[in-house]
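Each chain gets a letter, A, B and so on, in the order the sequences are listed, and its residues count up from 1.
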Amino acid sequence: MASVSSQQQFRYTQPPSKVLHLRNLPWECTEEELIELGKPFGKVVNTKCNVGSNRNQAFIEFTDLNQAIAMISYYASSSEPAQVRGKTVYLQYSNRQEIVHNKTAADVAGNVLLVTIEGEDAHLVSIDVLHLVFSAFGFVHKITTFEKTAGFQALIQFSDAETATSAKDALDGRSIPRYLLSEQVGPCTLKITYSGHTDLTVKFQSHRSRDYTNPYLPVAQSAIEGGGQVMVGLDGKRLEAESNVLLASIENMQYAVTLDVLHTVFSTFGPIQKIAMFDKNGALQALIQYPDTQTAVVAKEALEGHCIYDGGFCKLHLSYSRHTDLSIKVNNDRSRDYTVPITPVVNLQPSILGQPVPMVGAPAQQYNGSQYTPVSDPAMTPQPQAGWGAAPPAVAQSMPLQMYNNVYMPPGNMPPQMSPGNMPPQMPPGMQFPNHSMLQPTSTLPAYGFDRTQ
DNA sequence: AGCACA
């Protein structure tokens, strides 16, 4: 009968062994703490910690049996129980005679983490939320997600094992902060081990996989329109599929919006690779291509709904384009490829346009974030409003990165309680952000607030 | 709080 063998297994006295089984240990008890505990009784030659589904069990092995017996008998009659970090630890002889280290992929530190998301609604955790959470520790190269018997899992690829380890140490066993999840999603706890993988294969940007190193990767249809999983943003609202290319439509266009004006405005957030302008239903639209999605995301969030000129003129509406790389056939006053160092400029006569054309043929490399290209003769064209027009400043120079840092990269080895000093992102002077801006939650965003369940 | 690849 099963009850007999379990009786056997759990009977109070195990046959002596130089290996002791410890349980009820505090979370992530270290090897050092186990050695300390055994020291008074003998030499601990081997340990194995974080054992069991709750990772709160361990084994210690003494050089010889007498030392193990000494420890067991001491605590059997002691009024003070064995303790680690003030927590009572229960000891007994192990049913094995030696510790065997079964080093699996999960134990050997690597740059890819296997993350199991536990909870009723684990599958509702979006890849974007995972990206945000793990980006706190360093650049996340790729993420793949999948459903296994273990539940909803993700593989998160970092540059190196050190970064992966810092993320694992900080997040393992913690829950995704409530404010990153939409209301109806229950608690989601992360259980993290190393994966044996070193480089994930991501064929498409989709709702289940992302490659953040390759903005040119095609976007799977599933990522754009309800591919089963709704992508949920920080505010719990639906997210569009992000892209490195923004589609801008310009409303109330009282003043001419030129290629250069757009270049100036959008350059604030990072180098621009290409711009293409065209008319759609009588309104002006433009596609603006950044080298990466992150920059486009920052630009979109910062500029959406804002006007290029004071007085509500030339209001920008931004969305993500399905394009990842624009094909610019010719450089003219409506389209330009800034990545090609020298290209003939067709149909573009500065005298005709009535303004200097400073960025013509300028290679993208010239962008350094501080170069501001003034827009022309104030008599002819109204100046873009203060926020964008006035020589942006050191603030703007570092802004895109700065903002990025604030959103995704809290200080390196973050302690759970984090530095309270994270400031909200700095904006160029004069710029006002609407309430719905995703940038706003930034100050409270980074990984503090993770709760340890149990 | 109960024995180590889930």
Practice task
Check whether the aromatic ring of A:Y90 stacks on the base of B:dG2, taking stacking as ring centres less than 5.5 Å apart and planes within 30° of each other.
Solution key: no
Exercise for the section: For A:N56 and B:dC3, give me the distance from atom CG to atom P, rounded to whole Å. Expected result: 10 Å
Handout entry: Whole angstrom value for the distance that separates C1' of B:dG2 from CZ of A:R96
Key = 14 Å
Exercise for the section: Measure the distance from CG on A:N54 to P on B:dA4 and round it to the nearest whole Å. Expected result: 13 Å
Fill in the blank from the handout: Side-chain atoms of A:N24 come closest, of B:dC3, B:dA1, B:dA4, to B:dA1
Handout entry: Chi angles and distances behind the side-chain contact (heavy atoms from CB on, under 4.5 Å) call for A:Q184, A:D121
Key = CA-CA 9 Å; A:Q184 67 275 15; A:D121 306 310; over 6 Å; no
Problem - Closest listed nucleotide, where the reference is the side chain of A:K48 and the choices are B:dA4, B:dA6, B:dC3 - result: B:dA4
Handout entry: Sugar-phosphate only, base, or nothing, as touched by A:V19 at under 4.0 Å among non-hydrogen atoms
Key = nothing
Completion exercise
A:F59 CZ to B:dC5 P, in whole Å, measures 9 Å
Exercise for the section: Inspect the surroundings of NE2 in A:H323 and state if more than 12 heavy atoms from other residues, nucleotides or ligands are less than 6.0 Å away. Expected result: no
Practice task
Find the distance A:H101:NE2 to B:dC5:P and express it as a whole number of Å.
Solution key: 11 Å
Exercise for the section: For residues A:L316 and A:F266, determine if any side-chain heavy atom of one lies less than 4.5 Å from a side-chain heavy atom of the other. Expected result: yes
Exercise for the section: Quickly work out the A:Q92 CD to B:dA4 P distance and round it to whole Å. Expected result: 12 Å
Practice task
Starting from C1' on B:dC3, measure out to CD1 on A:I99 and report it in whole angstrom.
Solution key: 11 Å
Handout entry: Nearest-angstrom distance from the residue atom CG of A:L91 to C1' of B:dC3
Key = 14 Å
Exercise for the section: Under 4.0 Å between any heavy atoms, over every strand shown, what does A:E118 touch: base, sugar-phosphate, or nothing? Just pick one. Expected result: nothing
Practice task
If the plane angle is over 60° it's perpendicular, under 30° parallel, otherwise tilted; pick one for A:Y212 and A:H131.
Solution key: parallel
